[in-house]
Amino acid sequence: MNLQTFLPLSPAKNQIDYKSQILLLGSCFVENMGDRLGYYKYQILQNPFGILFHTFGIENLIDRAIHNATFTKEELVYNDDRWFSFDAHSRINSSNEEEIISCLNQALVRTNLQIQNSSHIIITLGTSWVFKEKSTNKMVANCHKFPSTHFTKEILSIEELKGSLQRTIALIRGVNKTAAIIFTISPVRHIKNGIVANQRSKAHLIAALGEVLETNLEQGLHYFPSYELVMDELRDYRFYAKDMIHLNELGVEYIWEKFKYVWLSEKTTKTMKEVDSIQKAISHRPFDELSKKHQLFVSSFKKKIRAIKKEYPFMTFDQ
């Protein structure tokens, strides 16, 4: 008896290995995959402007990075004794204007270089709902806990989403013709707008992205069905965190295994095991740090680090 529906998945042709350069942009779900890629020491740049929930926010920062449109003090906003940018996530903040400007502009430089050099660009879309600042009518990437009266809220149409996605692809292709661009829709529900509104939002994303992918089959565009995997294979709240919205560790690990099957080259398996062994050794807390047994243990994993860095000099480990 089969008590679960499964999505048919096949390994991608242009898979990720340890030579790959990877850029990850988008909602908190991209962070789940990025954290694991980072743990296994793949070469990644993950959300340099923090979590981005909608396609216009992603498009804007890709555009700024490629065209070197640096941030200025006039663009900053001030709230709760901190400076922010409406174009970036709240985790990029400072009590000092110069510091946040420097941080944002350094992120632009890193993003520009990574777009040009990436072999794989992963973009996760979270929602079709957007907020516009009333005084400028400009879409914001994050509201930074400003009062709701500061904004108007609207849902983007399928056509608006398609336009943004097409411009994003064109921007990337203008400087990088060969990168695999992997789109995915976050399975995390945005239920502050209500469950029905969330479903409508996801439906707009699915329809817009589906149409864009169908009309650009030869552009190295791909779709990873994270949303569908959760909705159809993980229809059980045991895979959710206490808020019943985000996936728990078990749910994230399930999607990671699927992503690994599709996108990670089999030849990386041995290296991933070696990295995992080192990471676990580093996190180990001994009963007696001065014991002979522990000193032999430390010597052993340091030897492993030297060996793996000889093959992959870019890898760094906290010791």
When you look at CD of Glu253, are more than 12 heavy atoms from neighbouring residues, nucleotides or ligands closer to it than 6.0 Å? yes
CA sep, side-chain torsions, deciding dist, call: Leu264, Tyr42, side-chain contact (heavy atoms from CB on, under 4.5 Å): CA-CA 10 Å; Leu264 299 192; Tyr42 285 90; 3.8 Å; yes
Using a strict threshold of under 4.0 Å (side-chain N to carboxylate O), is an ion pair present between Lys304 and Glu274? no
The criterion is side-chain hydrogen bond (donor to acceptor under 3.5 Å, both in side chains); which residues satisfy it with Arg189, sequence neighbours excluded? none
Rounded to the nearest 0.5 Å, what separation is found between the CD1 atom of Ile185 and the CG atom of Leu209? 5.0 Å
Can you tell if the side chain of Phe183 reaches within under 4.5 Å of the side chain of Leu213, non-hydrogen atoms only? yes
At their closest point, which heavy atom of Ile44 faces which heavy atom of Gln114, and how far apart are they? C-NE2, 4.3 Å
What one should report as the nearest heavy-atom pair of Leu52 and Ala141 is CD2-CB, 4.0 Å
Using side-chain heavy atoms (C-beta onward) and a distance below 4.5 Å, is Gln279 in contact with Lys41? yes
Is there a chain of hydrophobic side chains (I, L, V, M, F, W, Y, each step under 4.5 Å between heavy atoms) that links Met231 to Leu250? yes
Polar contact flag, side-chain donor to acceptor under 3.5 angstrom, Ser102-Gln106: yes
Minimum heavy-atom distance Asn47-Ser27, with the two atoms named: ND2-O, 4.2 Å
Side-chain donor/acceptor of Asn93 to backbone N/O of Phe84, under 3.5 Å: no
Checking side-chain contact (heavy atoms from CB on, under 4.5 Å) for the pair Phe146/Val77: CA distance, chi angles, key distance, verdict? CA-CA 10 Å; Phe146 273 70; Val77 291; 3.9 Å; yes
Less than 4.0 angstrom from a charged side-chain N to a carboxylate O is my criterion; do Arg91 and Glu31 meet it? yes
Would Leu171 and Ile115 satisfy side-chain contact (heavy atoms from CB on, under 4.5 Å), going step by step from the backbone distance to the final call? CA-CA 10 Å; Leu171 283 164; Ile115 291 170; over 6 Å; no
Does any N or O in the side chain of Asn176 come within less than 3.5 Å of the main-chain N or O of Gln116, such that one atom is a donor and the other an acceptor? yes
Validation row: Gln46, Asp35 side chains within 4.5 angstrom (heavy atoms): yes
Distance in Å, Lys202 NZ paired with Leu125 CG, rounded so as to fall on 0.5 Å steps: 9.0 Å
Can you tell me if Gln43 uses its side chain to pair, donor with acceptor, with the backbone of Phe314 under 3.5 Å? no
Could you state whether Ile122 and Tyr39 fall into the same hydrophobic cluster, counting links through intermediate Ile, Leu, Val, Met, Phe, Trp or Tyr residues with side-chain heavy atoms under 4.5 angstrom apart? yes
Search all heavy atoms of Ile58 against all heavy atoms of Thr124 and return the closest pair with its distance. CD1-O, 4.1 Å
Met33/Val252 under side-chain contact (heavy atoms from CB on, under 4.5 Å): CA gap, chis, key distance, verdict: CA-CA 8 Å; Met33 298 300 101; Val252 172; 4.1 Å; yes
Is there side-chain contact between Leu61 and Thr111, with heavy atoms separated by less than 4.5 Å? no
How long is the straight-line distance from CD of Glu160 back to CG of Leu165, given to the nearest 0.5 Å? 12.0 Å
Asn142 and Ser90: side-chain donor and acceptor closer than 3.5 Å? yes
With a 3.5 Å cut-off and no angle check, do the side chains of Tyr223 and Glu228 form a donor-acceptor pair? yes
According to the ring-ring contact (aromatic ring centres under 6.0 Å, His included) rule, which pairs have a member within residues 111-142, sequence neighbours left out? His120-Trp263
Kindly compute the distance separating CZ (Arg110) from CG (Leu45), expressed to the nearest 0.5 Å. 6.0 Å
Result of checking His54, Arg64, Arg167 against Glu59 for side-chain hydrogen bond (donor to acceptor under 3.5 Å, both in side chains): Arg167
Hydrophobic cluster membership, Ile155 vs Ile206, 4.5 Å side-chain cutoff: no
Excluding sequence neighbours, so at least two apart, what forms side-chain hydrogen bond (donor to acceptor under 3.5 Å, both in side chains) with Asn60? Asp87
Is it the case that the side chain of Ser119 and the backbone of Gln21 share a donor-acceptor pair, with hydrogens and angles ignored and the cut-off at 3.5 Å? yes
Consider only side-chain N and O atoms of Glu233 and Tyr254, and report whether a donor and an acceptor are under 3.5 Å apart. yes
To the nearest 0.5 angstrom, please state how far the CD1 atom of Ile92 sits from the CZ atom of Phe71. 8.0 Å
Nearest 0.5 Å, please: how far is OG in Ser20 from CG in Asn117? 12.5 Å
Anything under 30° is parallel, anything over 60° is perpendicular, the rest tilted; go ahead and classify His150 against Phe86. tilted
Any side-chain donor near an acceptor of the partner, Glu159 and Ser157, under 3.5 Å: no
Nearest heavy-atom pair of Ser186 and Gly126: which atoms, and what distance? CB-CA, 4.1 Å
Do Ser201 and Asn198 have side-chain N/O donor and acceptor atoms under 3.5 Å apart? no
According to a 4.5 Å side-chain heavy-atom criterion applied to Ile, Leu, Val, Met, Phe, Trp and Tyr, with indirect links allowed, do Phe6 and Phe224 form part of one hydrophobic cluster? yes
For Lys134, does the NZ atom sit with more than 12 other heavy atoms under 6.0 Å from it, leaving out its own atoms? yes
How about NZ on Lys309, more than 12 heavy atoms from neighbouring residues, nucleotides or ligands closer than 6.0 Å, or not? yes
Could you tell me whether the side chain of Ile255 reaches within less than 4.5 Å of the side chain of Asn32, counting heavy atoms only? no
With a 3.5 Å distance limit and no angle check, can you tell me whether Asn112 reaches the backbone of Asn68 through a side-chain donor-acceptor pair? no
If we only count heavy atoms from C-beta on, is the Asn105 to Val109 side-chain gap below 4.5 Å? no
According to a hydrophobic-cluster definition based on side-chain heavy atoms being under 4.5 Å apart (Ile, Leu, Val, Met, Phe, Trp, Tyr only), do Leu221 and Ile158 belong together? no
In terms of side-chain heavy atoms, does Thr268 have a donor or acceptor partner in Tyr40 at a distance below 3.5 Å? no
Hey, is the main chain of Phe53 close enough, under 3.5 Å, to the side chain of Thr127 for a donor-acceptor pair? no
Provide the closest heavy-atom pair for Leu156 versus His204 in the form atom of the first, atom of the second, distance. O-ND1, 2.8 Å
Is a side-chain N or O of Asp80 found less than 3.5 angstrom from the main chain of Arg82, in a donor-acceptor match? no
Without swapping roles, check the side chain of Ser164 against the backbone of Leu161 for a donor-acceptor pair under 3.5 Å. no
Test item: His67 side-chain N/O and Ala69 main-chain N/O as donor-acceptor pair under 3.5 Å: no
Heavy-atom distance under 4.5 Å between the side chains of His89 and Phe49, does that happen here? no
Are the side chain of Ser94 and the backbone N or O of Trp83 linked by a donor-acceptor pair below 3.5 Å? no
Is there a side-chain contact between Pro187 and Phe29 in this structure, where contact means two heavy atoms from C-beta onward sitting under 4.5 Å apart? yes
